[in-house]
Amino acid sequence: MAATAFSASKFTQSFSLNSTRSVDRPPLFPASHPLKTTPSSFLGSTRKLSLSSPSSSTSRRRRRPSRSPAVVAVSEVVKEKKSKSNVSLSNPLITNEEGLELYEDMVLGRSFEDMCAQMYYRGKMFGFVHLYNGQEAVSTGFIKLLKQEDCVVSTYRDHVHALSKGVPARAVMSELFGKTTGCCRGQGGSMHMFSKEHNLLGGFAFIGEGIPVATGAAFTSKYRREVLKEADCDHVTLAFFGDGTCNNGQFFECLNMAALWKLPIVFVVENNLWAIGMSHLRATSDPEIWKKGPAFGMPGVHVDGMDVLKVREVAKEAIGRARRGEGPTLVECETYRFRGHSLADPDELRDPAEKARYASRDPISALKKYMFENNLASEAELKAIDKKIDELVEDAVEFADESPLPARSQLLENVFADPRGFGIGPDGRYRCEDPKFTEGTAQV
Amino acid sequence: MAAIVQGIGATAAPSASSNKFLLSSLGSSLLEKKRNFFVVRSDGKCYTGLNQQQRRAQNVVTNAVATKEEKASAAVGSKPGHELLLFEALREGLEEEMDRDPCVCVMGEDVGHYGGSYKVTKGLAEKYGDLRVLDTPIAENSFTGMGIGAAMTGLRPIVEGMNMGFLLLAFNQISNNCGMLHYTSGGQFKIPIVIRGPGGVGRQLGAEHSQRLESYFQSIPGIQMVACSTAYNAKGLMKAAIRSDNPVILFEHVLLYNLKERIPDEEYVLNLEEAEMVRPGEHVTILTYSRMRYHVMQAAKTLVNKGYDPEVIDIRSLKPFDLYTIGNSVKKTHRVLIVEECMRTGGIGASLTAAINENFHDYLDAPIVCLSSQDVPTPYAGTLEEWTVVQPAQIVAAVEQLCL
């Protein structure tokens, strides 16, 4: 499949909408109907990577890699699968249970974020709160395929990643309210969700900051397998970040290192076309982010991020690749956020027509429609899920409301893992042994 | 990143007088004694103009020998110990920890096959493999972040900055993630990372390779900073830093890598938060760290000849300060001189001055004097470079002024 012959339906759509902005490159490909429901052609890498031997650690010089096609690009596999499975109404991509699971997760994300907006305007949470409405397909499509031991690294738009990974809604809501029962004891807030139990490694406020951390987690997985000889360790790490991040140095540095050492990581770009008020096209010389993968030696895939089933198919292959030790993948999910960048963003810059177009492709409605068409679920079942989620979110708010605020004694508690790091005081004792220290009134 | 010359680490013939003195004195027969650096016989001559205190003390001071206070001294008697250079001591500590715990790994530029630009990791890649001693691409911010991610998920990485100045590129990760993530995660993730590398003013290395960045990092909450100065404390602090669950930044000095010393054969780990008493005394407390320790000790020789009795403390722990050892000293001598290589503005000395003033103001008989480097980018020219850092003559003058 030649790299140029891809259906640019999603891209030309965005090109034409932004025709008032300065677009230096004319649309290269014919526009097609953006709402066509054919399976989107995957814009995978045409370069086939060779599986270099893992014992190259002993070789002193890096050999020029010979391109023997041992690893097939993601696009080829999915295309093959699709042609084999003959996707039609009689042979859906998911089972009934899977469908309900996906639906429930997306509805949870949506309801939770809507409730966050309500609580923010009621003065229950403060600061910068970034909501995920509209992008649920990406989080659900990827994270629902992971095991508990797999790691997820996110950005400041991390509530729904936390929920998909399994962090209880109560813990997330409490954290947003700044209560001590929050997943980070109220010390992190909206942009710093962490969970050791569910292997959510944060929650980062600066863009790009989390990508090296994700690379490190993937490095640990490889280290466990090869140095500590835990042969069954196949933990995968997912790094989520946005289109703006793809112009940042840390992104490129990590693509290089991940491909170099074949780390079990998937780089998931949530391209929602806007970085606060900066359109992706105005900030990027080549806006097709998936192309940056092959430049570093990994497959780059573009997928329709408003369709959870398509995302799931690509995710399966990318995560599978990582688990098998074949290295990283760059997946660009073209998606859209229905709300502003944060609750403080008036969102005046985006064209209402663009918003309406994406709103009509709401991932939740799309999945609902698919499930009805394929007789995977009944109206009643879905309504029951809606109700269940509503109650869950209400309960989360109630729990957060009733939870206590952190006491002063909590102030100095988690600064050091080993509190001797506060040093030795004038009296010869470690500062942390000072009783006033636990009260939070000690001078450090 | 410039070509850090391997030759720096292997410099055998330093040109400045201070270092020549240093190496020759260490080569003297006094190496049998534990941790003695300079042996000076005071001639007990009486100087005119000495104040009461000094005249009293003259009879007490006979030499500038450091008395051993640490526990290892007792053990030394049993085994002879072995002689090595400071960078070998660092490597020994590193190797022992890597043997002890398979989760300890090293990452940095040229640490593997090249053996480290100062040879601290020489031979380790052959022994432990390329994954445990990882040669990274030139991407400080990202591989430091990678180390942090690895630390969060169970490994104990040591990140080497080829020169401390390069860590400026990693500042995002060090400040935001290294220090903060334990706190913002509510204590869920610990980050047992060690970030180490050489810094300080060398031999005409130019401005960017001669930076003293201790001050830049000291405000970051959640990290500890230590500076090693002898082969003995280099090994001990390296081991302690690796074993610590906190993120630790270990500052080494470009000019100290070739210091030879005899260290114990037995395993020992030093305390990260404690300062080191180099030379007990009565008249003035001199607080110092890293390379300036040697300038101070050289000045001490002169001072002893002149009848002063300085107490020299190597603070070692730059963050947090060991206020107990420092405090006891202040209470004894009532005069404080801080000698450091750091920048004047906002440096370690500035923080230390503030801390001592806050805690021990009542015990001071004179304002604290702080001698730091000039607030200039280190010049290339040898003469200018020499005047950038504090020299022993200035230390002597400052003590004389302080003890008037």
Side-chain angles (χ1 to χ4, degrees), chain A residues 57-58 60 151 153 182-189 192 194-197 199 201-206 209 211-224 226-228 249-250 253-254 256-257 260-261 413-418 420-431 444, chain B residues 102-103 105 113 128-132 134 136-137 139 141-155 157 172-173 176-177 180-192 221-224 244-246 272-274 317 319-328 358-360:
Chain A
S57 58
T58 51
R60 294 222 145 222
C151 297
V153 171
C183 55
C184 302
R185 304 179 81 202
Q187 290 167 192
H192 304 283
F194 288 83
S195 168
K196 188 154 178 83
E197 190 192 332
N199 286 303
L201 302 181
F204 293 92
F206 285 25
E209 217 174 40
I211 307 177
V213 175
T215 311
F219 179 79
T220 302
S221 176
K222 185 180 166 90
Y223 189 96
R224 281 224 168 91
E226 295 184 13
V227 178
L228 301 180
Q250 287 176 94
E253 291 174 1
C254 290
N256 178 43
M257 293 199 289
L260 184 64
W261 297 316
E413 262 171 32
N414 299 120
V415 180
F416 288 105
D418 178 354
R420 284 180 298 172
F422 279 114
I424 302 174
D427 58 1
R429 285 187 305 167
Y430 274 102
R431 281 248 154 80
V444 283
Chain B
C103 289
C105 58
H113 296 184
Y128 297 109
D130 275 0
L131 208 56
R132 258 191 108 177
L134 186 72
T136 60
N141 203 12
S142 294
F143 71 69
T144 306
M146 194 172 94
I148 293 170
M152 285 167 75
T153 43
L155 299 186
N172 179 5
Q173 291 291 337
N176 276 357
N177 288 350
M180 283 197 199
L181 290 189
H182 185 73
Y183 194 78
T184 51
S185 68
Q188 292 181 80
F189 291 100
K190 64 177 191 202
I191 308 178
I223 58 156
Q224 279 186 254
S244 170
D245 277 346
N246 295 334
L272 281 177
E273 296 90 25
E274 271 179 16
S317 174
K319 176 179 193 282
F321 295 128
D322 177 3
L323 289 179
Y324 181 61
T325 309
I326 294 171
N328 285 348
E358 256 172 38
N359 288 291
F360 309 113

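Numbered from 1 within each chain, the chains take letters A, B, ... in sequence-line order. All values derive from a computational prediction rather than experimental measurement.
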S244(B) and Q224(B), any side-chain heavy atoms less than 4.5 Å apart: yes
Residues that C184(A) engages under side-chain contact (heavy atoms from CB on, under 4.5 Å), provided they are two or more places apart: E175(A), F194(A), Q188(B)
Winner by heavy-atom pair count (cut-off under 4.5 Å) against chain A, out of P157(B), G222(B), S142(B): S142(B)
Option in G423(A), G428(A), G188(A) with maximal non-hydrogen atom pairs under 4.5 Å from chain B: G428(A)
Under the ring-ring contact (aromatic ring centres under 6.0 Å, His included) test, residues paired with F204(A) that sit two or more places apart: none
Among the listed options I211(A), V153(A), V227(A), the residue most often paired with chain B at heavy-atom distances under 4.5 Å: V227(A)
Expected output: side-chain S221(A) to main-chain A217(A) donor-acceptor under 3.5 Å: no
Residue part contacting chain A, namely of D322(B), when any heavy atom lies under 4.5 Å: both
Interchain contact, R429(A) with chain B, by part (heavy-atom threshold 4.5 Å): neither
Trace of the side chain to side chain contact (heavy atoms under 4.5 Å, CB included) decision for C105(B) with L131(B): CA-CA 8 Å; C105(B) 58; L131(B) 208 56; over 6 Å; no
Within the 6.0 Å centroid threshold, strictly below: F422(A) and Y430(A): no
Closest-packed option against chain A by number of heavy-atom pairs under 4.5 Å, given N141(B), D245(B), N328(B): N141(B)
Heavy-atom contact with chain B under 4.5 Å, split by part of L201(A): both
Residue part contacting chain B, namely of S195(A), when any heavy atom lies under 4.5 Å: both
Flag for N176(B)-E209(A): side-chain donor and acceptor within less than 3.5 Å: yes
Best-contacting candidate, I148(B), I326(B), L181(B), against chain A by heavy atom pairs under 4.5 angstrom: L181(B)
Residue T136(B) versus chain A: region with a heavy atom under 4.5 Å: both
Choice from S185(B), G147(B), C103(B), P221(B) maximising heavy atom contacts with chain A below 4.5 Å: S185(B)
Between H113(B) and D130(B), a side-chain donor and acceptor under 3.5 Å: yes
Part of I223(B) within contact of chain A (heavy atom distance under 4.5 Å): backbone
N256(A), part contacting chain B, at a heavy-atom distance under 4.5 Å: side chain
F321(B), part contacting chain A, at a heavy-atom distance under 4.5 Å: backbone
Winner by heavy-atom pair count (cut-off under 4.5 Å) against chain B, out of R185(A), Q250(A), R420(A), H192(A): Q250(A)
Heavy-atom side-chain proximity of V415(A) to H182(B) below 4.5 angstrom: no
Greater than 12 external heavy atoms within 6.0 Å of Y324(B)'s OH: no
Which atoms of F206(A) approach chain B - backbone, side chain, both or neither, heavy atom under 4.5 Å: side chain
Portion of N177(B) that has a non-hydrogen atom of chain A nearer than 4.5 angstrom: side chain
Contacting moiety of S317(B), where chain A heavy atoms sit under 4.5 Å: neither
Validation row: Y223(A), R132(B) side chains within 4.5 angstrom (heavy atoms): yes
